[in-house]
K.L.:
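Have a look at this one before I ask anything.
Quick caveat: nothing in here was measured; it's all calculated off a predicted structure.
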Amino acid sequence: MDTIIQSLWDSGALGGIFTALITFLGQLSALNSQKFSTVLEALQKQQTADSAVHDAAIARTKDDGGTWLRRAMYFTAVFALLVCPFIFAWTTIPVAVETVEQSGGWLWGLIPEKETFAVSYVNGFYLADVWKELMANLISAYIGAGITRKAFKLGK
C-alpha cells in the first residue's frame with residue numbers, strides 16, 4: 001500500500017486528486033452561497049411587497065358607514081342600560097322576565113338534563129346580564145378600535 005501511495009505522490013496524481021476534490025467542494029460551497037443569496041433577495045422583495053400591501057390596507061379614508069353603525073350600537077346600548085332603568089323605575093308597566101331552572105345532567109349525560117321555563121312579571125326595568133355583557137363588549141370594541149387605529153398611525 002505504501003508503494004502505491006508513494007508512486008501516486010511521486011507522479012503528482014495524488015495532488016491532482018486532492019486539488020480536484022477541494023475545487024469540487026469549493027464549487028458546491030459557492031453554489032450554496034449563491035442559492036442562499038437568492039433566497040435572501042426573494043425574502044427581501046416579499047417583505048417589501050407585504051409592507052406595501054399592509055400600508056395600503058390600513059390607509060384611512062373617510063367614514064364608510066361602519067363607524068356610524070358602531071356609534072349607533074354604542075349609544076343604543078347606553079340608552080338601554082342607563083336611561084331606560086330610570087324611565088321604567090317610576091312606571092307600573094310590567095316587564096316579562098323568563099327564568100330557566102336546570103336540573104339533572106349527571107354521570108356524563110346518562111341522567112338527562114331537565115330545564116324548566118317560567119315567566120315572571122316585574123314592575124320596573126329588568127337589567128339582564130346579557131345586556132351588561134353587551135355593554136362591556138361594545139365599550140371594549142369601541143375603545144380598542146380607536147387604540148388600534150392610533151397605534152397604526154403612530155407606527156407610520
Side-chain angles (χ1 to χ4, degrees), residues 1-86 97-118 125-156:
M1 183 72 170
D2 289 335
T3 58
I4 295 172
I5 293 176
Q6 186 63 37
S7 64
L8 286 173
W9 181 261
D10 290 339
S11 69
L14 193 58
I17 292 172
F18 282 128
T19 303
L21 184 63
I22 290 173
T23 304
F24 179 70
L25 291 176
Q27 288 175 349
L28 285 178
S29 176
L31 184 63
N32 193 19
S33 176
Q34 183 183 10
K35 286 181 181 179
F36 184 70
S37 297
T38 304
V39 168
L40 284 180
E41 289 173 6
L43 286 175
Q44 185 177 12
K45 287 179 185 177
Q46 185 62 41
Q47 186 176 10
T48 304
D50 287 348
S51 179
V53 169
H54 177 72
D55 292 345
I58 64 167
R60 294 289 294 161
T61 59
K62 289 276 187 189
D63 288 336
D64 58 351
T67 302
W68 290 107
L69 181 62
R70 281 194 314 270
R71 288 179 184 161
M73 288 171 43
Y74 177 72
F75 288 119
T76 303
V78 168
F79 180 79
L81 294 175
L82 298 179
V83 177
C84 286
F86 290 108
V97 178
E98 183 180 278
T99 60
V100 178
E101 288 186 27
Q102 296 178 343
S103 61
W106 297 302
L107 295 174
W108 301 282
L110 292 176
I111 299 174
E113 185 176 48
K114 182 180 174 185
E115 293 183 346
T116 306
F117 292 100
F125 185 75
Y126 175 71
L127 192 58
D129 290 335
V130 175
W131 285 99
K132 294 175 193 174
E133 291 175 21
L134 171 68
M135 184 66 177
N137 290 334
L138 283 175
I139 290 173
S140 63
Y142 194 76
I143 293 172
I147 290 172
T148 304
R149 193 176 311 115
K150 284 188 181 189
F152 277 126
K153 281 184 180 180
L154 291 176
K156 295 279 107 213

K.L.:
Residues in side-chain contact (heavy atoms from CB on, under 4.5 Å) with F117, at least two apart?
P.N.:
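F117 satisfies side-chain contact (heavy atoms from CB on, under 4.5 Å) with E98, V100, E115 only.
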K.L.:
If you look only at pairs with a residue in residues 20-47, which of them pass as a side-chain hydrogen bond (donor to acceptor under 3.5 Å, both in side chains), with sequence neighbours excluded?
P.N.:
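Counting only pairs at least two positions apart or across chains, the side-chain hydrogen bond (donor to acceptor under 3.5 Å, both in side chains) contacts touching residues 20-47 are Q46-D50.
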K.L.:
Could you give the distance from CZ (F24) to CG (L28), rounded to the nearest 0.5 Å?
P.N.:
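Those atoms lie 4.0 Å apart.
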K.L.:
Q102 versus E113: any side-chain heavy-atom pair under 4.5 Å?
P.N.:
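Yes, close enough: below the 4.5 Å cut-off.
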